[in-house]
Amino acid sequence: MYLIGFVGLLGIILCTGCAEDQPDEQALTVAAASDLYHVFSELGEAFTEETGIQVRFTFGATGQLTQQIRHGAPFDLFAAADETYIDQLLEAGFIETGSKEVYALGQIGLIFAEDQFPEMSVERLVSPHIERIVIANPEHAPYGRKAKEILQELGVWDHVQEKIVYADSVRQALQVVETGNAEVGLVAAAIAQHSPLSFELIETDEPLVQALGIVKASKRKEEARLFSDFILSPKGQEMLINYGFKSPRPQH
């Protein structure tokens, strides 16, 4: 098992840039899981065009954002990659009662360089030609926990455990493969389509149930509710599907 220094450095670099600078102090502040980086950036722009409400995002690992909310971080809305984190915050009184909504089902797969590995599957990870496999840290990142579960369920975890590199978030896991510091990564489908690397979806009967909630201490609950409604609207759901999510609701 590796925890290479590069990952820590990369974490500093990416976290510095993860909050999108907005000069408007009245902007709605949204804490969002790393897999939402691309789609929520687009969703935020569409929401602002329709309502005039500016949105400021902070992207990160769901577990780390959860801890920030517990310590009083001034977020208005929290979109997690796993509904259990919203449930925990609800039970502890940090999320507005009745505001929890399941907004998407997250999918995971393998990211790799096709010119180096023409074919890829979970079973191929045991190959001696693959020396490093990166996943997000299962301790605080739902996609990392899901990646570990898949490797265990398919019986390869014990064979590849010494190859595993942990990144702070699923987005950083993607960066580790893109920079050549691991041959393969298990990452969210939602962030893979913007990568020049190849992506192989892992079929699973239990996708990540992603949920959001309005932070109880928010002073912009109405604006947060409007953005929540926008995410759940047909337009918002279509954008999420286009980025590789499954909808939790039947589509008409």
Side-chain angles (χ1 to χ4, degrees), residues 1-15 33-35 37 59-67 80-85 88 105-192 195-210 244:
M1 177 176 62
Y2 298 88
L3 183 57
I4 54 179
F6 170 80
V7 174
L9 176 60
L10 186 60
I12 294 171
I13 294 171
L14 291 181
C15 283
S34 289
D35 66 318
Y37 178 77
F59 295 101
T62 289
Q64 293 174 334
L65 293 173
T66 298
Q67 288 304 312
D82 185 333
E83 68 172 342
T84 61
Y85 287 86
Q88 292 169 18
L105 303 178
Q107 302 191 90
I108 192 171
L110 297 159
I111 194 90
F112 56 97
E114 189 173 5
D115 58 352
Q116 192 175 2
F117 302 100
E119 296 182 3
M120 184 56 65
S121 67
V122 172
E123 290 75 14
R124 289 178 184 271
L125 296 179
V126 302
S127 166
H129 299 295
I130 298 174
E131 297 182 353
R132 288 182 176 177
I133 304 162
V134 62
I135 65 174
N137 192 330
E139 296 295 323
H140 55 243
Y143 278 93
R145 192 202 70 233
K146 189 67 178 178
K148 183 176 180 180
E149 288 175 358
I150 289 171
L151 295 176
Q152 289 175 326
E153 289 169 2
L154 296 180
V156 301
W157 175 258
D158 289 341
H159 303 286
V160 303
Q161 191 171 355
E162 294 302 315
K163 304 179 181 182
I164 297 293
V165 176
Y166 291 122
D168 271 352
S169 70
V170 69
R171 190 169 159 225
Q172 289 181 25
L174 172 63
Q175 292 284 338
V176 171
V177 184
E178 288 181 335
T179 52
N181 285 277
E183 292 95 341
V184 185
L186 277 78
V187 303
I191 57 173
S195 173
L197 300 174
S198 294
F199 181 75
E200 187 72 30
L201 186 69
I202 299 172
E203 297 293 343
T204 172
D205 295 331
E206 297 181 354
L208 282 164
V209 180
Q210 304 200 191

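The chain is numbered in sequence order, starting from 1.
- In this structure, the side chains of I202 and Q107 stay at 4.5 Å or more apart for every pair of heavy atoms.
- Every salt bridge (charged side-chain N to carboxylate O under 4.0 Å, His left out) that E83 has, sequence neighbours left out, goes to K100.
- I191 contributes atom CD1, which lies 10.0 Å from atom CD of Q172 (distance to the nearest 0.5 angstrom).
- Take T84 and apply the side chain to side chain donor-acceptor pair (under 3.5 Å) test, not counting sequence neighbours, and it matches D82.
- Not counting sequence neighbours, the partners of N137 by the side chain to side chain contact (heavy atoms under 4.5 Å, CB included) test are E139, H140.
- Partner of V134 under the side chain to side chain contact (heavy atoms under 4.5 Å, CB included) criterion, chosen from V176, I111, I164: V176.
- Across A167 and A173, no two heavy atoms sit closer than the pair CB-N, 3.6 Å.
- Counting heavy atoms from C-beta on, the side chains of Y85 and L65 never come closer than 4.5 Å.
- For A33, the side chain to side chain contact (heavy atoms under 4.5 Å, CB included) test picks out D35, L36, T62, A81, with sequence neighbours left out.
- In this structure, the separation between OG on S127 and NZ on K163 is 6.0 Å, given to the nearest 0.5 Å.
- Atom OG of S169 sits about 7.0 Å away from atom CZ of R171, to the nearest 0.5 Å.
- Partners of L154 under the side chain to side chain contact (heavy atoms under 4.5 Å, CB included) rule, at least two apart in sequence or in another chain, are V122, E123, I150.
- Here the side chain of K148 pairs no donor or acceptor atom with the backbone of W157 at under 3.5 angstrom.
- Not counting sequence neighbours, the partners of P207 by the side chain to side chain contact (heavy atoms under 4.5 Å, CB included) test are L105.
- The structure places CG of L174 at 12.0 Å from CG of L186, a figure rounded to the nearest 0.5 Å.
- Between I135 and Y166 the shortest side-chain heavy-atom distance falls below 4.5 Å.
- Every side chain to side chain donor-acceptor pair (under 3.5 Å) that E149 has, sequence neighbours left out, goes to R145.
- Scanning both residues, V170 and S34, for their nearest heavy atoms gives CG1-CB, 3.9 Å.
- Heavy-atom minimum distance, A192 versus V187: CB-CG2, 4.5 Å.
- Between A189 and L201, the closest heavy-atom pair is CB-CD1, 4.3 Å.
- Contact of the V177 side chain with the V184 side chain is not registered, since no non-hydrogen atoms from C-beta on lie closer than 4.5 Å.
- At distances below 3.5 Å, not a single donor-acceptor pair connects side-chain atoms of K146 with backbone N or O atoms of G106.
- With rounding to the nearest 0.5 angstrom, the NE2 atom of H159 is 11.0 Å from the CD atom of Q161.
- The side chain to side chain donor-acceptor pair (under 3.5 Å) analysis of residues 110-119, with sequence neighbours excluded, yields the pairs E114-S198, E119-R124.
- A distance of 6.0 Å or more separates the ring centres of F117 and F112.
- The side chain to side chain donor-acceptor pair (under 3.5 Å) check on Q152 picks up nothing, with sequence neighbours excluded.
- Considering only residues two or more places apart in sequence or on other chains, S195 meets the side chain to side chain donor-acceptor pair (under 3.5 Å) condition with E178.
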